[in-house]
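Note that ligands are numbered from 1 as they come in the structure, with each ligand's atoms numbered from 1 the same way. Remember, predicted model here, so these are calculated numbers, not experimental data.
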Amino acid sequence: MASENEAPKSGAEHYDVVIIGAGVSGMYAVHHFREMGLSVRAFDGASDVGGTWWYNRYPGARVDGPGSPYYCFTFSDELMEEWNWEETQSEQSAVLEYVEFVADKFDLRRDIQFETWIEDARYDEATQRWTVKTSRGQQVTCRFLICAVGALSTTNVPNIPGIDDFKGETYHTGRWPHEPVSFEGKRVAVIGTGSSGIQAIPEIAKTADHVTVLQRTAQFAFPAGNRPLTDEDRAQARADWEKTKAMMVAHPGGFPHPGNDKAALDYTPEEREAHYEKLWKIGSFHFFLNGYMDVATSEEANKSLSDFVRKKIREIVKDPETADKLMPDHYVMTKRPILEDGYWETYNRDNVTLVDLREDPIERFTETSVITASGEHPLDMLVLATGYDAISGSMLRLNPKGRGGVSLKERWTERFHNYLGMTVNGFPNLFMIHGPGSPGVFYNMPLGAERQMAWIGDFVRHLEKHGLGVGEPTIESEEAWANEVSGIANATLFPRTDSWWTGANVEGKPRYFSAYLGGSIYYMRIGDVASKDYEGFVFEPVRGEDAKAS
Ligand code: NA7
């Protein structure tokens, strides 16, 4: 359990490193900088470690990537030896237990203060230090500010007329209560059919009286292919761990799979169909790891896969009208690929109704119902599976103030200016983890955090070695990085679809594809910058004794 919730201390506290967030990335940051001999303090609004995994307790929540045992930290071989993953697509509770185990093993909580929000973060040019103010009234200064604030943590709550008047239970999947939620005998509406909605809907439908799914965009979803891991699987994973880690580092997404250079258009339609059938049976992320690489770049290749999935949906969903409403019409993969377990079959149940909001939009909520163009749907509960102000949203919520008191919100009006996906001009010694301009959500996130933190650690050593106080990127290097990020994205179909990757899910947000799609190339690029004496950065010498690390 959380142990570091002591009352605020009087006077300012000083650390070398302040870490905002104690999810997977923030936890590793505590360990990494502590190992470097720096003084460290982390803060998190939650009551314990885990970040997204602490908050997302909705029914059906599971790892929806390539899965266990490789969605994990790699910095300690003992973790692979000691932790027994039970399934390939681990449940949320299993991932949370794992991160708690890591926190115990490395005594991370000693340097983490929970139930504490950072209300302000401000750079002081005279001392070359950041000062953060906490919700507990503390003032804490540091030389290095690590923003491990989460790429999927600021919830997106729809602004629908009357939604606040609704008197029934209302839950967002990203802020699910810790107490059990019963759906028994209840009429439940779910808004949202992204990863969270598609995981939650089948579970809710098992016990609810009725489920009304309010769908804005029909989605592609692939079988999760979850299976138990056996003792043999675990023994094999342990025996191969050294080799596996090297594969993970080399792989574009950070997973232990060989690279893939097969192109759909090099095969006949029959060969493609047979390959897709095989992958559909295996499930998990194999469509992306072992599928055809041109699906993300060629309209024709993309259509071969999207036609296949549409056919599968029609085969599973019995009512043709419902199946019609479930037909996705965007390029497959250009919204976050979704793994499902019984989602399509759920529409064969008598207690589930699908409302296509494109044809039948929501007009408003009342105290007891939602009214769409076609009529009123009485409700006892509303589940918002409406996602996040992703990638950039949590940085903007933090809204640090850099040189001259200029806030991130002021700098990020048109675009999320950054260099290497980690640093921002005017915000010296501030580092973002999994921020815009980095591979972030396109990469195995614990491994990505480790690799970004290794780079930041080297940056800190560079400052120490050369008697420098702070470093930050130039505007020119930010522009060049923006061109690089967009250049890679524009060679794919990803920017052509409205998604949280492009910021289209949040009103008023700059709309462009902000992730670095180059995968492992990213880590070569940042290594290259370091090896060239941090090309693209400017540095200031340490300004007097007061400015030195405490
Ligand atoms: P997502 O993938 O952003 O899904 C949110 C869903 O909610 C999606 O279907 C949205 O439709 C829908 N949505 C959002 N706002 C509205 C409004 N106002 N009206 C109707 N429907 C709306 O979030 P998830 O939580 O499912 O997944 C996020 C990641 O978490 C996921 O990739 C995993 O890695 C874990 P849209 O498609 O925008 O039309």
Examine R57 relative to W54 and say whether NZ or CZ is less than 6.0 Å from the centre of the six-membered ring and inside a 45° cone about the ring axis. yes

- Query: Any sub-3.5 Å donor-acceptor pair from R187's side-chain atoms to M381's backbone N or O?
  - Reply: no

closest protein heavy atom to atom 9 (O) of ligand 1 is T193 N, 2.9 Å

Checking heavy atoms under 4.0 Å, the part of D64 that sits near ligand 1 is side chain

Are S68 and Q89 linked by a side-chain donor-acceptor pair shorter than 3.5 Å?
no

Taking only non-hydrogen atoms of I191 and a 4.0 Å limit, the atoms of ligand 1 in range are 19 (N), 20 (C), 21 (N)

min-distance protein heavy atom vs atom 24 (P) of ligand 1 -> S196 OG, 3.3 Å

Under the 3.5 angstrom rule, does the side chain of E450 hit a backbone N or O of F75 as a donor-acceptor pair?
yes

Report yes if Q219 has an N/O atom closer than 3.5 Å to an N/O atom of ligand 1; otherwise report no.
no

Looking at L384, L152, T52, the heavy atom closest to atom 30 (O) of ligand 1 belongs to L152

> Going by distance alone, is a donor N or O of one side chain under 3.5 Å from an acceptor N or O of the other, for S520 and H251?
Replying inline: no

**Report entry** Stepwise salt bridge (charged side-chain N to carboxylate O under 4.0 Å, His left out) test for D233 and R227
**Finding:** CA-CA 11 Å; D233 292 328; R227 66 173 178 86; 3.0 Å; yes

At under 4.0 Å between heavy atoms, what of D498 touches ligand 1? The answer is neither

- Message: Any side-chain to backbone donor/acceptor pair from N505 onto Y388? Under 3.5 Å, distance only.
- Response: yes

Among non-hydrogen protein atoms, atom 3 (O) of ligand 1 lies closest to W500 CD1, 3.1 Å

**Study point:** Main-chain N/O of E367 paired to D165 side chain as donor or acceptor, under 3.5 Å
**Key:** no

Nearest non-hydrogen protein atom to atom 31 (C) of ligand 1, with distance, is S195 OG, 3.2 Å

Notebook entry, point to check: Do any nitrogen or oxygen atoms of N505 come within less than 3.5 Å of a nitrogen or oxygen of ligand 1?
Noted result: no

Could you tell me whether Y292 and Y276 have their ring centroids closer than 6.0 angstrom? yes

Atom 38 (O) of ligand 1 has as its nearest protein heavy atom R216 NH2, 2.9 Å

- Message: With nothing but distance in play, are any N or O atoms of K335 less than 3.5 Å from an N or O of ligand 1?
- Response: yes

among protein heavy atoms, the one nearest atom 18 (N) of ligand 1 is P158 CB, 3.3 Å

Logged contact type for A385 with ligand 1, heavy-atom cut-off 4.0 Å, is backbone

**Message:** Using a 3.5 Å cut-off on N or O atoms only, is R336 in polar contact with ligand 1?
**Reply:** yes

Checklist line | Side-chain H-bond candidate by donor/acceptor type, S374 with D360, under 3.5 Å | finding: yes

For L357, the ligand 1 atoms with a heavy-atom partner under 4.0 Å come out as 20 (C)

Can you tell me if Y522 and Q452 form a side-chain donor-acceptor pair at under 3.5 Å?
yes

Within 4.0 Å of some non-hydrogen atom of G192, the atoms of ligand 1 are 6 (C), 7 (O), 9 (O), 12 (C)

